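This one's a predicted model, so the numbers in the text were calculated from it and none came from an experiment. Note that these values count all heavy atoms, side chains included, but never hydrogens, waters or copies made by symmetry.
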Amino acid sequence: MSDTPNLLGFRIAHRAMRTDSRRLADVTAEIAAGRQPCGPERAAAIREYATKLCRGIHHHKAEDDRLWPLLVRSAGAEIDLSELSEDHSELDPLLEEIQAVAGDPAELAKPLRRLADLLDEHIQEEERTIFPIIMRHVSGKDWEEMEQHVRKGGDVRFELPRIEQHALPEELAELRRLAGPVLVVMLALMRRAHRRRERLIFGSA
C-alpha cells in the first residue's frame with residue numbers, strides 16, 4: 001500500500017455528480033418547456049435516476065463524519081472547513097426537495113439546476129483547497145480506510161457504470177489495474193442496463 005493518498009476515486013465521483021446533475025437538469029428543463037416528449041417509461045426512469053443520484057450525493061456526504069475529522073486531526077490549524085460545511089448544510093433540503101418532486105420531470109428542472117450550480121461551486125472549491133491538504137497531511141492507510149467507509153452502502157449498480165462513463169481513458173486504466181479482473185466482470189454485467197437507461201433518459205448510449 002502506498003503511503004500517499006490516491007484521490008482518483010473521489011475525482012471521478014465528483015465529476016460524475018457534477019456532470020450528471022447538470023445533464024439531468026438540462027433534460028428536465030427541455031421537458032418542462034415542452035421541447036421534448038416524456039412518456040410514462042421515460043418519466044419513471046427519470047424519477048429513479050434523480051432519486052438514486054440524490055442518495056449517492058447524500059451518501060458521499062460521509063465527508064462530514066469521517067473526512068472532516070480526519071483532516072482536522074491530520075492538518076490541525078492549517079485547515080478551515082466552515083464554508084465547505086455550510087455548503088453541505090444547503091444540500092440536505094435541496095436533495096429532499098428533488099426526491100419529493102421526482103415523480104414529475106417538469107417539476108425537477110429548477111431544483112436540479114440549483115443542485116448542479118451548488119455542486120459546481122462546492123466541488124471546485126473543495127478540490128482546490130482540500131485535496132492539497134490531503135496529499136500533504138493524510139496517510140495512504142487513513143485515506144484508504146476513509147474511502148472504504150464512504151463506499152459502504154453505496155448503490156454499485158448505479159454508481160459503477162457511471163464511474164466508467166465519466167473516467168478518462170488513463171483513469172479507467174488505473175482503476176482496472178488497482179481493482180483487477182473483478183472490475184472488468186462487474187462492468188460487463190452492468191453496462192447493458194446502464195446504456196439502456198442513458199438512451200431512455202438522455203437519448204444517448
Side-chain angles (χ1 to χ4, degrees), residues 8-61 91 94-120 123 147 150-205:
L8 178 62
F10 259 54
R11 289 188 188 279
I12 301 173
H14 280 171
R15 189 183 306 141
M17 286 180 201
R18 292 178 62 184
T19 303
D20 287 343
S21 61
R22 183 69 62 188
R23 289 197 306 152
L24 199 58
D26 289 344
V27 79
T28 52
E30 290 293 297
I31 292 169
R35 290 189 290 267
Q36 287 194 23
C38 187
E41 187 180 13
R42 190 183 193 192
I46 289 173
R47 180 184 66 246
E48 181 182 29
Y49 193 99
T51 300
K52 288 186 174 183
L53 180 64
C54 286
R55 288 174 181 168
I57 293 170
H58 182 81
H59 180 70
H60 201 75
K61 284 173 72 269
L91 272 175
L94 185 51
L95 295 174
E96 290 174 6
E97 179 183 352
I98 291 169
Q99 292 177 86
V101 300
D104 184 346
E107 291 293 320
L108 279 168
K110 289 183 179 179
L112 279 170
R113 180 73 61 193
R114 298 202 306 272
L115 175 64
D117 290 344
L118 177 59
L119 288 177
D120 279 348
I123 288 174
E147 279 198 307
V150 170
R151 284 195 294 266
K152 286 180 182 176
D155 187 340
V156 176
R157 289 186 175 275
F158 181 70
E159 302 290 346
L160 193 57
R162 291 172 52 246
I163 293 297
E164 180 185 35
Q165 179 178 355
H166 295 295
L168 301 174
E170 60 271 21
E171 293 172 335
L172 191 57
E174 182 177 352
L175 288 175
R176 286 173 173 156
R177 179 181 62 79
L178 293 170
V182 65
L183 178 63
V184 176
V185 172
M186 291 178 70
L187 286 172
L189 292 172
M190 299 173 187
R191 194 175 288 124
R192 179 178 295 180
H194 173 71
R195 288 177 175 173
R196 180 182 182 277
R197 180 179 64 207
E198 286 286 302
R199 288 192 299 270
L200 182 59
I201 297 175
F202 302 108
S204 60

message: Rounded to the nearest 0.5 Å, what separates atom CD1 in Ile201 from atom CD in Glu48?
response: 8.0 Å

message: Do Arg192 and Arg195 make a side-chain contact, defined as non-hydrogen atoms from C-beta onward lying under 4.5 Å apart?
response: no

- prompt: Hey, is the main chain of Pro105 close enough, under 3.5 Å, to the side chain of Arg47 for a donor-acceptor pair?
  reply: no

query: For Arg35, which residues count as a salt bridge (charged side-chain N to carboxylate O under 4.0 Å, His left out) partner, sequence neighbours excluded?
result: Glu30

- prompt: With a 4.5 Å heavy-atom cut-off, do Ile46 and Ile31 have their side chains touching?
  reply: yes

- line: Taken in chain and number order and not counting sequence neighbours, the residues that satisfy side-chain hydrogen bond (donor to acceptor under 3.5 Å, both in side chains) with Asp117 are Arg22

- request: Just do the side-chain contact (heavy atoms from CB on, under 4.5 Å) check on Leu183 and Leu160 with the steps written out, would you?
  value: CA-CA 9 Å; Leu183 178 63; Leu160 193 57; 3.7 Å; yes

task: Sequence neighbours left out, what passes side-chain hydrogen bond (donor to acceptor under 3.5 Å, both in side chains) with His166? Give chain and number order.
output: Asp20

message: Suppose we screen for salt bridge (charged side-chain N to carboxylate O under 4.0 Å, His left out). Which residues come up paired with Arg176, at least two apart in sequence or across chains?
response: Glu164

statement: d(Glu97 CD, Leu112 CG) to nearest 0.5 Å is 9.5 Å

query: Salt-bridged, Glu159 to Arg162, with N to O below 4.0 Å?
result: yes

- prompt: Hey, is the main chain of Leu95 close enough, under 3.5 Å, to the side chain of Gln99 for a donor-acceptor pair?
  reply: yes

query: Taking C-beta and beyond as the side chain, do Glu171 and Leu175 meet within less than 4.5 Å on heavy atoms?
result: no

- request: Would you mind reporting whether Arg15 and Phe10 have side-chain heavy atoms less than 4.5 Å apart?
  value: no

- line: For residues 178-189, the salt bridge (Lys or Arg N to Asp or Glu O under 4.0 Å) pairs (sequence neighbours left out) are none

message: Would Asp155 and Arg55 count as a side-chain contact (heavy atoms from CB on, under 4.5 Å) here? Give the steps.
response: CA-CA 9 Å; Asp155 187 340; Arg55 288 174 181 168; over 6 Å; no

query: Going by the ring pair (Phe, Tyr, Trp, His ring centres under 6.0 Å) test, which pairs reach into residues 169-188, not counting sequence neighbours?
result: none

message: The test is side-chain contact (heavy atoms from CB on, under 4.5 Å); show your working for Val27 and Arg42 and say whether it passes.
response: CA-CA 11 Å; Val27 79; Arg42 190 183 193 192; 3.0 Å; yes

- prompt: Out of curiosity, Leu8 CG to Glu174 CD, how far, rounded to the nearest 0.5 Å?
  reply: 5.0 Å

message: Do Leu172 and Ile12 have side chains that approach each other closer than 4.5 Å (heavy atoms only, starting at C-beta)?
response: no

message: If you apply the rule side-chain contact (heavy atoms from CB on, under 4.5 Å), what do you find for Leu24 with Phe202, and how did you get there?
response: CA-CA 8 Å; Leu24 199 58; Phe202 302 108; 4.0 Å; yes

message: To check you understand the geometry: which heavy-atom pair defines the closest contact between Ala32 and Ala106, and what is its length?
response: CB-O, 3.7 Å

message: Could you check whether His194 and Arg197, counting side-chain N and O atoms only, form a donor-acceptor pair closer than 3.5 Å?
response: yes

message: If you count every heavy atom of other residues, nucleotides or ligands that lies below 6.0 Å from Lys110 atom NZ, does the total exceed 12?
response: no

- prompt: From Ser21 OG over to Asp26 CG, what is the distance, rounded to the nearest 0.5 angstrom?
  reply: 9.5 Å

query: With distance as the sole test, does Thr28 use its side chain to make a donor-acceptor pair with the main-chain N or O of Ala25 at under 3.5 Å?
result: yes

field: Any Leu115 side-chain heavy atom under 4.5 Å of Ile57 side chain
entry: yes

- prompt: In Å and rounded to the nearest 0.5 Å, what is the CZ to CD1 distance from Phe158 to Ile163?
  reply: 10.5 Å

- request: Could you grab the distance from atom CG of Leu91 to atom SG of Cys54, nearest 0.5 Å is fine?
  value: 9.5 Å

query: Taking everything shown except Arg191 itself, do over 12 heavy atoms lie less than 6.0 Å from its CZ?
result: yes

